[in-house]
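The sequence lines fix the lettering, A, B, ..., with proteins before strands; numbering per chain opens at 1.
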Number of protein chains: 2
Amino acid sequence: MGRWEPDARGRLRLSAMELYAEHGFEQTTAAEIAERAGVTERTFFRHFADKREVLFAGSGDLQDAVVGAIDAEPDDAKPIDAVLAALEIGASLLPSREYSRQRAAVVAANSSLQERELLKFSTLADAVAEALRRRGVPTLTANLAAETGVTVFKIGFATWIADDSTGDFAQCIREAFGRLRALTAGA
Amino acid sequence: MGRWEPDARGRLRLSAMELYAEHGFEQTTAAEIAERAGVTERTFFRHFADKREVLFAGSGDLQDAVVGAIDAEPDDAKPIDAVLAALEIGASLLPSREYSRQRAAVVAANSSLQERELLKFSTLADAVAEALRRRGVPTLTANLAAETGVTVFKIGFATWIADDSTGDFAQCIREAFGRLRALTAGA
DNA sequence: GTCTATAGGGCGATAGAC
DNA sequence: GTCTATCGCCCTATAGAC
């Protein structure tokens with residue numbers, strides 16, 4: 001056995017989620033999270049840039065998967081179709097619906113967590129737009145397709161975790177896009 | 001003349017924008033902003049909830065104007081058209097292109113300012129969606145139309161302040177929506 | 001207006017893995 | 001020897017409490 005218990009990072013993530021859910025984000029101090037995880041406060045900040053980031057540790061993997069999926073799309077795929085197919089693949093990486101609901105409730109209860117979540121989605125959209133540009137899509141079209149895809153993803157996610165939802169995430173995404181298409185169609 | 005110089009709030013906004021542009025957001029302390037404006041640090045936090053908020057003081061007016069414009073649209077206007085018309089009216093309230101460029105550069109240089117800006121746009125989208133629901137638009141459609149409208153607004157704004165831009169803001173918004181419509185049209 | 005808890009960064013020391 | 005994770009102590013600014 002080493003000098004320390006392994007996976008300090010995983011313990012910190014778990015402890016943070018528990019405490020944020022139990023007492024709220026603002027009422028939880030970094031020292032409390034660290035204590036529950038069996039490390040010092042300073043170690044917490046070495047793993048996570050700030051108190052919020054501990055809830056977003058998986059977002060990089062999601063982004064990599066989505067960008068990789070766009071790169072793997074056939075050359076003749078239309079931009080919006082490539083984006084939506086890639087986001088459906090990314091959607092399959094999310095944790096269970098029950099966990100997603102719990103996490104969403106924690107985020108919804110605190111505006112600084114909402115800010116961080118919005119930044120993550122914005123960063124995802126930027127990465128998607130860049131992947132589209134690599135495929136030769138013009139910048140303006142790439143930005144619009146990326147932002148629109150992320151909007152559909154977000155609204156599909158909200159539908160998926162809603163109390164009365166029955167379908168899976170991919171279905172929710174497709175339904176949202178169908179409605180968006182109807183909404184923007186010319187007169 | 002009163003006991004204090006008038007418009008402490010306006011002086012704080014100006015001082016903050018100058019210092020953020022000169023030295024960067026993180027390198028500027030609330031005490032420095034207050035000093036330049038001729039008030040105490042405590043007064044700064046009485047006017048603005050945090051260091052970021054001083055750059056977003058006009059966002060409430062924009063939101064009120066947009067929501068009011070939606071309420072004033074004819075009953076038979078299609079949701080997306082009502083949203084875009086309202087956002088064009090909101091766009092007319094923005095400061096000059098030169099000032100907008102400078103402010104955008106300050107925000108782009110700091111991720112916590114980007115987070116706050118994204119939250120303001122998200123709040124705007126929520127208010128737009130609520131205004132649509134008051135008109136009888138179903139929730140899912142209202143959310144999609146609101147998010148899509150704000151996306152078009154954001155991308156139109158980016159186009160408007162770009163170095164090579166020539167058109168006015170309203171034109172940029174209409175161009176962005178035209179491209180979005182083409183992008184999402186069925187095969 | 002004063003006081004204070006907390007966030008979060010800097011830096012060197014330490015103990016293991018390789 | 002190098003590399004990496006952790007500790008511990010110091011510091012300042014934020015932002016809320018009183």
Undergrad: Between C1' on D/dT14 and CG on B/Asn110, what's the gap in Å once rounded to a whole number?
TA: 14 Å
Undergrad: Which residue lies toward the 5' end of DNA chain D, A/Asp7 or B/Glu41, if each is placed at its nearest nucleotide?
TA: A/Asp7
Undergrad: Determine the interplanar angle of the A/Trp160 and A/Phe169 rings, folded into 0 to 90°, and report it as parallel if under 30°, tilted if 30 to 60°, perpendicular if over 60°.
TA: parallel
Undergrad: Could you state the atom-to-atom distance from CD of A/Glu32 to P of C/dA5 in whole Å?
TA: 14 Å
Undergrad: Indicate the ring-plane relationship of A/Phe44 and A/Phe48, choosing parallel, tilted or perpendicular according to the 30° and 60° boundaries.
TA: tilted
Undergrad: Looking at B/Phe121, is its backbone amide N or carbonyl O close enough to the side chain of B/Lys154 to form a donor-acceptor pair, meaning the two atoms are under 3.5 Å apart?
TA: no
Undergrad: For D/dC7, does OP1 or OP2 lie under 4.0 Å from any side-chain N or O of A/Thr40?
TA: yes
Undergrad: Can you tell me if the side-chain N/O atoms of A/His47 get under 4.0 Å from OP1 or OP2 in D/dA5?
TA: no
Undergrad: Roughly how many Å is it from CD in B/Gln27 to P in D/dT14, rounded to a whole number?
TA: 11 Å
Undergrad: Starting the side chain at C-beta, find the nucleotide from C/dT6, D/dA15, C/dG8 nearest to A/Thr29.
TA: C/dT6
Undergrad: Within the supplied structure, the quantity of interest is the number of heavy atoms (other residues, nucleotides, ligands) at a distance under 6.0 Å from B/Gln63 CD; does it exceed 12?
TA: yes
Undergrad: What is the nucleic acid contact for B/Thr28, judged by heavy atoms within less than 4.0 Å: base, sugar-phosphate only, or nothing?
TA: sugar-phosphate
Undergrad: Rounding to an integer number of Å, can you tell me how far A/Arg11 CZ sits from D/dT6 C1'?
TA: 11 Å
Undergrad: If you assign each of A/Arg46 and A/Arg52 to its closest nucleotide in DNA chain C, which residue comes earlier from the 5' end?
TA: A/Arg52
Undergrad: By nearest heavy atom, map B/Arg42 and B/Ala31 onto DNA chain D; which one lands nearer the 5' end?
TA: B/Ala31
